[in-house]
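Please read the structure below before turning to the comments.
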Amino acid sequence: MSTETAPIAANFLRTIVEEDLKSGKHQTIVTRFPPEPNGYLHIGHAKSICINFGLARDFGGRCHLRFDDTNPVKEEMEYIESIKESVTWLGFDWGKHLYYASDYFEQLYQWAEFLIQQGKAYVEELTADEIRAHRGTLTEAGRESPWRNRPVEENLELFRRMRAGEFPDGARVLRAKIDMASPNINLRDPVLYRILHAPHPHVGDAWKIYPMYDFAHGQSDAIEGITHSICTLEFEDHKPLYEWFLDNLPVPARPRQYEFARLNLTYTVMSKRKLHELVTSRTVSGWDDPRMPTLMGIRRRGYTPEAVRAFCELIGVGRSDSWIDMSIMEECVRSDLNERAPRAMAVLRPLKVVITNYPEGQVEQFEAANHPQRPEMGSRMVSFSREIYIEEDDFMEEPPKGFFRLAPGVEVRLRYAYIVRCTGVVKDANGNVVEMHCEYDPASRGGSAADGRKIKGTIHWVSTSHCVDTEVRLFDRLFNDPNPDRGGADYRQFLNPRSVEVLPAAKLEASLAGADPESRFQFERQGYFHSDPVDSTPGKPVFNRIVTLKDTWTKK
RNA sequence: UGGGGCGUCGCCAAGCGGUAAGGCACCGGAUUUUGAUUCCGGCAUUCCCAGGUUCGAUCCCUGGCGCCCCAGCCA
């Protein structure tokens, strides 16, 4: 009993794999992550990556990275590179198993000829519109094409001429001969090949015809010996076709397709089209904007790969449409970073404080723990002086009940330093508080009162002459509605106008000046922050807020 | 009113005929020099609805209801 390892969360896919291994159906399992290189990966892909690579990892199998590159007009090398980088960043390794559907184009072509020879495929000369008209509707059967029963030899010759580039785009198409009356529209003589005089990002201009997804995917799985071909629910209707090819072609293996529900996340959009629009309309700064649900954006925001993986594990795998609340993902970074991020003090919206009874010119050093629960993470010294900055929010002239930060006459502890009492404020012509005066208790060095009196509030601070000035960006959700896609309304009307707030002059404790790019800290009492890898400069890191700390005070 | 899928706590999600796991959220309370963390405790007499089979049904049957997907020479 006690030797049992922590149970891996059960889900139907793991159950299937477990049974296939136990029954001996498979000696080892092989999965694959098959992105089309026509865009950047997003958090929804992360779920699929974690499922596929995770299954392989947990059951001692392997997972291939295979680019589903059958449509050269939409695909680009840049995406291929970016996808590889994102998968690696997430922490997965395909080893030597990097493949391209385009690597199988010759085999696929041979199989297409095989189908023609078997009388199971034909060259179509109807236009795209005519094909659509013949396809019928959801409730009416389709009609057979006049070209459906042309002789094998004619089909073969025409298909070879298609390959040779003798026809313009769209002039002809190769179709499977299945069943125009099938209630499953995918079986109504699906298109297998189309003519595309377009260069391919991986195989160049070797081909003038390209296979459709349906004709490429299952066969690629078979070629690679994929045992469990896992995709999202919308492909379930394609499964009979997937199996039809496997049944009618001399493929070397028999993969099986399984489907799961794709990830939906609240307060964001996931479709490639909308993500693209956000970028091109300059609504966001780019694909790696820290507000984007892309893996590049999430990374730049400061999420750790561990947090993203934990999130994918936590949400589970099922077949019912699900909407995961964004707060779940936020909680995943918090719990990861709570363990590992060093703490530091940073004043985001500074209010100057003069400690009137503190000797002018005096500077003291206080030791501050890098992590209160993990002494092995060490400590650093912070400088204290007569003039400091505190957070604007930590002072209220007329505090509400239950406020235990600074207010006139009230005492508070400056973390790691002294207990101070507010003795007055300085206001500008408009009545805004521009400076505050305090007196400190010299007997409270380190923050503990000599007489043992309880101090309810502790606030963070930074010495005005020992801090670094820098930019900090406060990110929030991109949309202010849980489902911006709802009801066909224009999702852009739900854009959160305050999804980013730039604070040009935040004050960081001096130790932060040397922060490496892409390092993460907890700014005490505020949240977790990440030094931006693009905009930081030596000595002046720029910080992105990853997520706030939980806050049971402002919530009230 | 063609085909496919789904419906278990606010959000996910186990469960596979034997009397409702877990996580997140939420609500209490304890500790706390981060109103954080941590820690304890609470949180579905009930599984979309209605019938039926059974000693017994969230799990089987029948009939409803609701939601999602499919008519690209996209994937």
Side-chain angles (χ1 to χ4, degrees), chain A residues 7 9-12 15 34-36 38 68-71 73-75 124 126-128 131-133 135-142 169-175 181-188 190-196 209-210 212-214 216-217 231-240 259 261 266 272 313-325 327-332 334-335 338-339 343 345 368-369 371-373 402-405 413-417 419 444 446-448 455-460 522-527 548-556:
Chain A
N11 67 52
F12 77 100
T15 303
E36 181 190 13
N38 69 344
D68 225 333
D69 54 352
T70 56
N71 186 3
V73 315
K74 289 186 176 177
E75 298 156 8
E124 172 66 274
L126 256 24
T127 64
I131 289 176
R132 189 177 311 119
R135 188 149 33 221
T137 68
L138 295 178
T139 53
E140 301 163 65
D169 288 3
R172 284 172 177 71
V173 103
L174 184 72
R175 290 230 255 172
S182 173
N184 182 340
I185 290 181
N186 294 115
L187 262 19
R188 320 240 263 231
V191 172
L192 269 31
Y193 271 90
R194 74 287 217 187
I195 299 168
L196 250 28
I209 57 172
Y210 291 93
M212 299 290 289
Y213 162 84
D214 287 307
H217 202 89
C231 60
T232 45
L233 250 20
E234 63 269 30
F235 289 98
E236 185 151 36
D237 287 342
H238 293 244
K239 184 146 63 177
E259 313 82 16
T266 57
K272 279 180 182 168
E313 195 59 46
L314 190 65
I315 59 178
V317 183
R319 287 175 61 87
S320 51
D321 291 328
S322 58
W323 279 89
I324 305 295
D325 201 281
S327 66
I328 303 285
M329 191 158 99
E330 293 168 345
E331 194 47 35
C332 285
R334 282 194 194 101
S335 81
N338 175 50
E339 296 293 319
R343 308 286 107 147
M345 291 197 286
H371 190 122
Q373 283 79 38
F403 184 80
F404 45 85
R405 280 111 94 155
R413 171 167 38 237
L414 296 176
R415 174 142 242 228
Y416 297 121
I419 293 167
S444 65
S448 307
I455 302 297
K456 187 76 171 158
T458 299
I459 64 174
H460 58 96
Q522 183 198 94
F523 289 175
E524 292 206 27
R525 303 209 304 134
Q526 315 209 77
T548 62
L549 247 34
K550 272 194 221 166
D551 181 357
T552 48
W553 166 246
T554 55
K555 220 165 67 177
K556 284 178 187 171

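What you see below is based on every heavy atom in this structure, not just the backbone, and it leaves out hydrogens, waters and symmetry mates. Proteins get letters first, then strands, A, B, ... in listed order; numbering begins at 1 in each. What you see is a predicted model; the values in this text were computed from it and never measured.
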Phosphate contact ([N] OP1 or OP2) by [X] side-chain N/O below 4.0 Å:
X: A/R525; N: B/G35; value: yes
X: A/R334; N: B/U37; value: no
X: A/R194; N: B/C74; value: yes
X: A/K550; N: B/A25; value: yes
X: A/R135; N: B/G72; value: yes

Nearest-angstrom distance, [atom1] atom, [N] to [M]:
N: B/C70; M: B/C11; atom1: C1'; result: 28 Å
N: B/C60; M: B/G72; atom1: C1'; result: 42 Å
N: B/U54; M: B/C59; atom1: P; result: 16 Å
N: B/G35; M: B/U31; atom1: P; result: 16 Å
N: B/G7; M: B/C47; atom1: P; result: 15 Å
N: B/C49; M: B/C24; atom1: C1'; result: 29 Å
N: B/C26; M: B/C68; atom1: C1'; result: 29 Å
N: B/C61; M: B/C27; atom1: P; result: 42 Å

[N] base to [X] side chain: any donor-acceptor pair below 3.5 Å?
X: A/Q373; N: B/A36; answer: yes
X: A/R405; N: B/G35; answer: yes
X: A/D237; N: B/G3; answer: yes
X: A/Q526; N: B/U34; answer: no

Working to the nearest 0.5 angstrom, can you tell me the gap between [X] [atom1] and [Y] [atom2]?
X: A/I195; Y: A/R172; atom1: CD1; atom2: CZ; result: 7.0 Å
X: A/I324; Y: A/I315; atom1: CD1; atom2: CD1; result: 5.0 Å
X: A/R415; Y: A/I459; atom1: CZ; atom2: CD1; result: 12.0 Å
X: A/N38; Y: A/N71; atom1: CG; atom2: CG; result: 8.0 Å

How is [X] classified with respect to the nucleic acid when contacts are heavy atoms under 4.0 Å: base, sugar-phosphate, or nothing?
X: A/S448; answer: base
X: A/F404; answer: base
X: A/H217; answer: nothing
X: A/I131; answer: base
X: A/M212; answer: sugar-phosphate
X: A/G142; answer: nothing
X: A/L126; answer: base
X: A/Y210; answer: nothing
X: A/F523; answer: nothing
X: A/V73; answer: nothing
X: A/T70; answer: sugar-phosphate
X: A/E140; answer: nothing

Does the structure show a Watson-Crick or G-U wobble partner for [N], both distances under 3.5 Å? Name it, or say none.
N: B/U38; value: B/A30
N: B/G66; value: B/C6
N: B/U1; value: none
N: B/C16; value: none

Grab the N/O contacts between the protein and nucleotides 6-12 of chain B below 3.5 Å, and write none if there aren't any.
{"residue": "B/C6", "atom": "OP1", "partner": "A/R319", "partner atom": "NE", "Å": "3.4"}
{"residue": "B/C11", "atom": "O3'", "partner": "A/W323", "partner atom": "O", "Å": "3.2"}
{"residue": "B/C11", "atom": "O2'", "partner": "A/W323", "partner atom": "O", "Å": "2.8"}
{"residue": "B/C12", "atom": "OP1", "partner": "A/W323", "partner atom": "N", "Å": "2.9"}
{"residue": "B/C12", "atom": "O5'", "partner": "A/W323", "partner atom": "O", "Å": "3.4"}
{"residue": "B/C12", "atom": "O2'", "partner": "A/I315", "partner atom": "O", "Å": "2.6"}

Taking side-chain contact (heavy atoms from CB on, under 4.5 Å) as the test, write out the residues that go with [X], two or more places apart.
X: A/T266; result: A/W323, A/D325, A/M326, A/P482
X: A/D214; result: A/H238, A/L241, A/F245
X: A/P183; result: none
X: A/I131; result: A/E124, A/L126, A/R135, A/V173, A/R175

Atom-pair distance ([atom1] on [X]; [atom2] on [N]), nearest Å:
X: A/K239; N: B/G5; atom1: NZ; atom2: P; value: 9 Å
X: A/F12; N: B/G15; atom1: CZ; atom2: P; value: 11 Å
X: A/K74; N: B/A75; atom1: NZ; atom2: C1'; value: 8 Å
X: A/R188; N: B/G4; atom1: CZ; atom2: P; value: 13 Å
X: A/L549; N: B/U32; atom1: CG; atom2: C1'; value: 14 Å

Give the nucleotide from the list [options] with an atom nearest to the side chain of [X].
X: A/E234; options: B/A25, B/U34, B/C69; result: B/C69
X: A/T458; options: B/G35, B/G2, B/G72; result: B/G35
X: A/E236; options: B/G4, B/A71, B/U34; result: B/G4
X: A/Y213; options: B/A75, B/A71, B/U37; result: B/A75

Inset, instruction - Take A/R413 and A/D69, find for each the nucleotide of RNA chain B with the closest heavy atom, and name the residue whose nucleotide sits nearer the 5' end. - result: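 Nearer the 5' end of the strand: A/R413.
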Legend entry - Of A/P35 and A/P372, the one whose closest RNA chain B nucleotide lies more 5':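 This one resolves to A/P372.
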Inset, instruction - Can you sort out the partners of A/K550 under salt bridge (Lys or Arg N to Asp or Glu O under 4.0 Å), two or more places apart, ordered by chain and number? - result: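 Counting only residues at least two positions away or on another chain, A/K550 forms a salt bridge (Lys or Arg N to Asp or Glu O under 4.0 Å) with A/E331.
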Inset, instruction - Could you tell me whether the side chain of A/R319 and the main chain of A/E259 form a donor-acceptor pair under 3.5 Å? - result: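 Confirmed, A/R319 side chain pairs with A/E259 backbone.
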Inset, instruction - Tell me, yes or no, whether the heavy-atom count around A/K456 atom NZ, taken from other residues, nucleotides or ligands under 6.0 Å, exceeds 12. - result: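 12 or below, so no.
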Legend entry - Syn/anti state of B/G10 by chi, 90° boundary around 0: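 What B/G10 shows is an anti base, its glycosidic angle lying more than 90° from 0.
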Inset, instruction - Could you tell me whether A/E36 and A/K74 have a side-chain N and a carboxylate O separated by less than 4.0 Å? - result: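 A salt bridge is absent here (no side-chain N lies under 4.0 Å from a carboxylate O).
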